[in-house]
Amino acid sequence: MMTNGVVHANLFGIKDWVTPYKIAVLVLLNEMGRTGEGAVSLVERRKLNQLLLPLLQGPDITLSKLYKLIEESCPQLANSVQIRIKLMAEGELKDMEQFFDDLSDSFSGTEPEVHKTSVVGLFLRHMILAYSKLSFSQVFKLYTALQQYFQNGEKKSVEDADMDREDAERQMEKEELDVSVREEEVSCSGPLSQKQAEFFLSQQAALLKNDETKALTPASLQKELNNLLKFNPDFAEAHYLSYLNNLRVQDVFSSTHSLLHYFDRLILTGAEGKSNGEEGYGRSLRYAALNLAALHCRFGHYQQAELALQEAIRIAQESNDHVCLQHCLSWLYVLGQKRADSYVLLEHSVKKAVHFGLPRAFAGKTANKLMDALKDSDLLHWKHSLSELIDISIAQKTAIWRLYGRSTMALQQAQMLLSMNSLESVNAGVQQNNTESFAVALCHLAELHAEQGCFTAAAEVLQHLKERFPPNSQHAQLWMLCDQKIQFDRAMNDGKFHLADSLVTGITALNGIEGVYRKAVVKQAQNQMTEAHKLLQKLLTYCQKLKNTEMVISVLLSVAELYWRSSSPTIAMPVLLEALALSKEYRLQYLASETVLNLAYAQLILGIPEQALTLLHMAIEPILADGAILDKGRAMFLVSKCQVASAASYDPVKRAEALEAAVENLNEAKNYFAKVDCRERIRDVAYFQARLYHALGKTQERNQCAMVFRQLHQELPSHGVPLINHL
């Protein structure tokens, strides 16, 4: 069977075969050899050499497009190629026969035009061999296909000539050779050869991994993959790319089907056994189970994922495959976050990791020890130029520094990743800037800017994320959650609790734990203490079972705030001490400082402001150095309250000095709150300042503060909560 001059039988039995497009490329190579060095400039020859590799490796393209590509590099040569192809297509069959006979002359002589072992030489030899194996009927069909190929190219050239010049120029700008394979390029060709298929699959897989927006659309890519599998159903790599393509559209049935077919074909073809001996069969089985677990986890089938993962672990342990076990450990951690009952299995694996000295942030290691451990792995990454692992390592350091409460260091790591040129560029000239680590770094950057009140910069970062990671891409959920959290914080700061409540649904859909926590925060702000307490208690129990330490501490702080807002500060003290113990145990410095801040406020309510000031001196430095703008304002506001409460027993002169110092701290706190547009806290500061100015006898300043308070109080009703009764 033959179509477009290509034999379909035994599709990958030979390395290459002759098509009308490849005859045109052979004409180009022949003309390049015949053209003297003086006829073509050095710049043009360099462009032609750069053009050859994509033409040899890529799929067949139309003749008119081939003319345009050659003309961009060397117009003179494009004209010669066009004349040669026209003479051959409009001549007789013997002209094509003579052309292939003359190709062998390229290797003759003491100084041949082409070396046999070069890329071009191998291509020529493959074409000559493939042509010599054709029967007479196949040669005739190939010549007929060449004539049709030429006629289609001529029609296309006439249509292009009739187009408007501006439209043609705009179209040429879009048609870049070094971009991904486009739909019209693939559709115009017949079935791909083995080399073309491998190049096409590797290119599309790299684009799906690094820059999904430049890959073929899911429908177009699946169409081409189906065409490949039609002629060779046992092409394992095509099944795997089909699996990746189905993941893009969240098709669980088709992706599972393609993944299982990939490992079935991998075992049947014996590809694993050849490279790994008898171990190949078992290796395919355990990695099939591991990939199946990852697939189920992605679609939320956590029970099936755990069963598949246990199977992968069992086979890997029997084979003593530590690499596979390490991958399993990573997925166990992911399942431990998704399912509470999976954490038991994770603990056993973590004990093994501790036995081998593997570093873990939640083991309570100090920052310097953890970074030293990461540094050792980084040395290997840089030594072997493993750019993907380098990016992941920097993204991990960004998250770890934020976990430890060092926002400056986190910002530095995020910017380092964004400014670092990738060591491994994709075939299509696309840099590795669309990976998950890149998205994570950008999300951290957006949150860090939002914490400092730079909402415009945060919005620009999020807009960049939306353009680089479209909503249907695999990493879009990262920026979606980041965007929702920033909007929620802004709504809470602005006192728009109804708007914040509407955002909780979106946050819950992306992260259930975060959504429940923020729902409780909204209920607490709306003075619905009973509902907030129920939510927080359920969340606390769940997070303690899941061992989500960071969220446990945050929930404990919210529970403590709920107690003192309910006029029960004594009950809040043991809760805060529990949160402080956890923060110290796991070296979470920023959460520890925030907990000390809450302890100082509880002591202020209990009537011991001197001890509260002593505690504040311990906690305020890390907050002012690395804290969010809102937390800085809260800290300065609390310092002012403690100063005023402590000045009650002072003599009049010293008391006036203390009140003046408190007013200055209140001005600083108000500036912080203004940066994040936290009008509710600005109202509280204005109220407190008016009281202090009244005590100092400054009537004009008191009246100004009173007017600001009245305006904000009318806009922001207090929901029955006494003023200045929250931190």
How far does [atom1] of [X] sit from [atom2] of [Y], to the nearest 0.5 angstrom?
| X | Y | atom1 | atom2 | answer |
| --- | --- | --- | --- | --- |
| Phe235 | Tyr262 | CZ | OH | 11.0 Å |
| Leu241 | Gln222 | CG | CD | 8.5 Å |
| Ile553 | Leu582 | CD1 | CG | 5.0 Å |
| Cys482 | Gln487 | SG | CD | 10.0 Å |
| Ser437 | Leu417 | OG | CG | 5.5 Å |
| Leu445 | Gln415 | CG | CD | 6.0 Å |

Would you say Arg402 and Ser407 are linked by a side-chain donor-acceptor pair, where the criterion is simply a distance under 3.5 Å?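 Looking only at side-chain atoms, Arg402 and Ser407 do not form any donor-acceptor pair under 3.5 Å.
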Identify, with sequence neighbours excluded, every residue that meets side-chain hydrogen bond (donor to acceptor under 3.5 Å, both in side chains) alongside [X].
| X | answer |
| --- | --- |
| Gln396 | none |
| Thr256 | none |
| Tyr240 | none |
| Glu311 | Arg314 |

Cation-pi check, Arg490 onto Phe455 ring (under 6.0 Å, within 45° of axis):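 Yes, cation above the ring, under 6.0 Å and within 45°.
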Side chains of [X] and [Y], heavy atoms from C-beta outward: is any pair under 4.5 Å?
| X | Y | answer |
| --- | --- | --- |
| Val552 | Tyr542 | no |
| Asp391 | Phe438 | no |
| Val504 | Tyr517 | no |
| Met551 | Glu514 | yes |
| Thr549 | Glu585 | no |
| Phe200 | Leu221 | yes |
| Ser583 | Tyr590 | no |
| Leu478 | Glu436 | yes |

Go through the steps to decide whether Asn291 and Phe263 satisfy the test side-chain contact (heavy atoms from CB on, under 4.5 Å), and finish with yes or no. CA-CA 10 Å; Asn291 279 271; Phe263 283 101; 3.6 Å; yes
Looking only at non-hydrogen atoms, find the nearest pair between [X] and [Y] and report the distance.
| X | Y | value |
| --- | --- | --- |
| Ser502 | Leu499 | OG-O, 2.5 Å |
| Pro218 | Asn245 | O-ND2, 3.0 Å |
| Leu556 | Val575 | O-CG1, 3.3 Å |
| Lys519 | Asp501 | NZ-OD1, 2.9 Å |
| Ile486 | Ala446 | CD1-O, 3.9 Å |
| Glu237 | Leu201 | CB-CD1, 3.8 Å |

Main-chain N/O of [Y] paired to [X] side chain as donor or acceptor, under 3.5 Å:
| X | Y | value |
| --- | --- | --- |
| His257 | Phe253 | no |
| His239 | Pro233 | yes |
| Ser254 | Asp251 | no |
| Trp479 | Phe469 | yes |
| Ser220 | Leu216 | no |
| Ser255 | Val252 | yes |
| Asn246 | Ser242 | yes |

Stepwise side-chain contact (heavy atoms from CB on, under 4.5 Å) test for Thr398 and Val440: CA-CA 9 Å; Thr398 304; Val440 168; over 6 Å; no
Once salt bridge (Lys or Arg N to Asp or Glu O under 4.0 Å) is applied, what residue pairs with a partner in residues 457-467 remain, sequence neighbours excluded?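 For residues 457-467, and leaving out neighbouring residues, the salt bridge (Lys or Arg N to Asp or Glu O under 4.0 Å) pairs sorted by first residue read Lys466-Asp483.
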Do other residues, nucleotides or ligands put more than 12 heavy atoms under 6.0 Å from the CD atom of Gln477?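 12 or below, so no.
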May I have the step-by-step check of salt bridge (Lys or Arg N to Asp or Glu O under 4.0 Å) for Asp489 and Arg518, ending in yes or no? CA-CA 10 Å; Asp489 292 336; Arg518 301 210 175 226; 2.8 Å; yes
Going through the checks in order, is the side-chain contact (heavy atoms from CB on, under 4.5 Å) test met by Leu244 and Gln204? CA-CA 10 Å; Leu244 296 177; Gln204 290 298 312; over 6 Å; no
When Lys523 is tested against each of Lys534, Glu531, His533 for side chain to side chain contact (heavy atoms under 4.5 Å, CB included), which residue passes?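 Among Lys534, Glu531, His533, the one that satisfies the side chain to side chain contact (heavy atoms under 4.5 Å, CB included) with Lys523 is Glu531.
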Please work out which of the three classes, parallel, tilted or perpendicular, describes the rings of His301 and His296, given edges at 30° and 60°.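 Plane angle between 30° and 60°, so tilted.
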Between Asp378 and Lys383, does a salt bridge (Lys or Arg N to Asp or Glu O under 4.0 Å) hold up when you go through it step by step? CA-CA 8 Å; Asp378 285 345; Lys383 180 179 179 181; over 6 Å; no
So, using side chain to side chain contact (heavy atoms under 4.5 Å, CB included) as the criterion, who are the partners of Met492 when residues are at least two apart?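 Partners of Met492 by the side chain to side chain contact (heavy atoms under 4.5 Å, CB included) criterion, ordered by chain and then number, come out as Phe488, Phe497, Ala500, Val521, Val522, Ala525.
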Going through the checks in order, is the side-chain contact (heavy atoms from CB on, under 4.5 Å) test met by Leu307 and Gln310? CA-CA 5 Å; Leu307 291 173; Gln310 288 178 353; 4.3 Å; yes
